[in-house]
Amino acid sequence: MAAKRKTPVKTRNPDLIRGVGKYSRSKMYHKRGLWAIKAKNGGVFPRHDPQPKASAAAEKPPKFYPADDVKKPLLNKRKPKPTKLRASITPGTVLILLAGRFMGKRAVFLKQLSSGLLLVTGPFKINGVPLRRVNQSYVIATSTKIDISGVDVDKFDDKYFTKEVLKKKKGEGEFFEAEKEDKKKLPEDKKEDQKAVDASLIKFIEGVPDLKAYLAARFSLKSGMKPHELVF
Amino acid sequence: MPFKRYVEIGRVALVNYGKDYGKLVVIVDVIDQNRALVDAPDMVRGQMNFKRLTLTDITIDIPRVPKKKTLIEAMEKADVKTKWENSSWGRKLIVQKRRASLNDFDRFKLMLAKIKRAGVVRQELAKLKKENSS
């Protein structure tokens, strides 16, 4: 094929109405410069020989033909979109966690990870919630915001939170004893990361009266509280 | 058992149902047995069923169906806003609205304040009890 232009040319023949161009065939011949191409090539159109096709690899006949026709699954070109973050959740919002170990705890939202999960921290010293991932659906966003500008969250992503894969030991006798190993200790660098993130947060929190006690307390519904009427 | 609040031109009423729920309006005319023509500084004058209104103690001095300007002047003269906000009914509504708009953090601070106040009251009570018993 002849070399393609970098930008495709808009038609040199504008439509008067749909189906009727402004210029006739002879005018278009002149406009496209076909006369110049012919002149350059000695009075005939240049002819390019077809490029040799790359020979296809020799296909082996399949070993097995199924008895009945096998249906091909339908093509799926769907690309999942990143989870939409609720407008009420902005960096620094205090969130109420609704499920899991930290049910009812109020934690600070840091950022949304690429998987769509929310990165959240207690801060750990205040309420025991570590740097953790949380699903948006299991969270109530309050309107209390905390200044998060002093925190560097770029190094945290989904890979940081994946579980380490255990190497299985093949020995029979050692099998049971190996399982009984004490709980995995949290590596020191994760503890350092936690402290680094929490340092500036805690300073801000202690500047606001009662905020520390607020984050340390758990949320619970009391008698007479109607969730659909509460302003969070 | 006689009635104290009458439907009359100039009676201020509270809307208790519908789009204008919670607004104070003035009855400017009576249309028939069930409906009144009602007006307020921030709404278009329109009819309302009496069942949607709760009469208040406040009346203002206006002619029948006044112009908006006259209505507003009369309301300023009678000082409807301050009278309403100082009345116990008006104050209750303001408190209800404030409580409903409390944030989760505000509710927490309120709880702390209540506990603190209860503690102070209990201390005083204990002191008085001690004085009395001795």
Side-chain angles (χ1 to χ4, degrees), chain A residues 86-98 102-109 120 122-123 126-127 129 134 138-148 201-202 204-232, chain B residues 13-25 40 42-43 48-49 51-56 81-82 84-127:
Chain A
R86 259 182 275 160
S88 54
I89 304 180
T90 61
T93 314
V94 172
L95 306 174
I96 300 177
L97 306 177
L98 295 175
F102 301 105
M103 187 160 33
K105 291 260 190 201
R106 298 165 169 119
V108 179
F109 169 67
V120 131
I126 296 183
N127 56 16
V129 177
V134 131
Y138 298 95
V139 136
I140 294 180
T142 65
S143 44
T144 317
K145 312 265 183 225
I146 289 182
D147 182 19
I148 217 177
L201 285 179
I202 292 182
F204 177 87
I205 290 169
E206 291 184 342
V208 181
D210 294 331
L211 190 55
K212 192 155 177 232
Y214 173 63
L215 289 176
R218 280 204 205 228
F219 171 83
S220 72
L221 276 182
K222 312 269 190 336
S223 183
M225 286 170 105
K226 299 175 198 152
H228 68 292
E229 283 180 7
L230 288 179
V231 168
F232 283 101
Chain B
L14 186 69
V15 179
N16 58 25
Y17 182 89
K19 191 168 65 98
D20 304 306
Y21 179 85
K23 271 214 225 157
L24 278 181
V25 293
D42 59 343
M43 73 180 241
M48 232 182 232
N49 193 316
K51 293 189 176 177
R52 291 198 177 192
L53 299 172
T54 324
L55 304 178
T56 67
K81 199 160 185 291
T82 29
W84 177 246
E85 283 169 7
N86 294 336
S87 71
S88 59
W89 184 2
R91 275 183 284 134
K92 258 190 285 176
L93 286 190
I94 290 174
V95 168
Q96 276 175 15
K97 225 178 273 186
R98 180 78 184 96
R99 287 212 182 118
S101 70
L102 284 180
N103 199 343
D104 189 44
F105 188 25
D106 292 336
R107 262 176 267 133
F108 180 79
K109 286 190 273 192
L110 181 69
M111 177 191 67
L112 293 183
K114 279 193 181 169
I115 292 173
K116 203 167 186 192
R117 180 178 66 167
V120 170
V121 166
R122 215 172 284 136
Q123 269 189 338
E124 275 302 314
L125 183 63
K127 218 187 301 175

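Here is how names work: the chains are called A, B, and so on, in the same order as the sequence lines, proteins then strands, and each is numbered from 1.
Partners of A:Phe219 under the ring pair (Phe, Tyr, Trp, His ring centres under 6.0 Å) rule, at least two apart in sequence or in another chain, are A:Phe232. For A:Val208, the side-chain contact (heavy atoms from CB on, under 4.5 Å) test picks out A:Phe204, A:Leu211, B:Phe105, with sequence neighbours left out.
Contacts of B:Leu112 with chain A are made by side-chain atoms alone, with heavy-atom separations under 4.5 Å and no backbone atom involved.
Closest of all the heavy-atom pairs between A:Ala217 and B:Phe108 is CB-CE1, 3.6 Å.
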Using only distance (under 3.5 Å, no hydrogens or angles), which donor-acceptor pairs connect chain B and chain A?
from: A:Arg106; atom 1: NE; to: B:Asp104; atom 2: OD2; distance (Å): 3.1
from: A:Arg106; atom 1: NH2; to: B:Asp104; atom 2: OD2; distance (Å): 3.3
from: A:Ser143; atom 1: OG; to: B:Asn103; atom 2: OD1; distance (Å): 3.1
from: A:Ser143; atom 1: OG; to: B:Asn103; atom 2: ND2; distance (Å): 3.3
from: A:Tyr214; atom 1: OH; to: B:Asp104; atom 2: OD2; distance (Å): 2.7
from: A:Val231; atom 1: O; to: B:Arg107; atom 2: NH2; distance (Å): 2.4

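By the neighbour-count criterion of 12 heavy atoms within 6.0 Å, atom CE of B:Met43 is densely surrounded, having more than that number from other residues, nucleotides or ligands.
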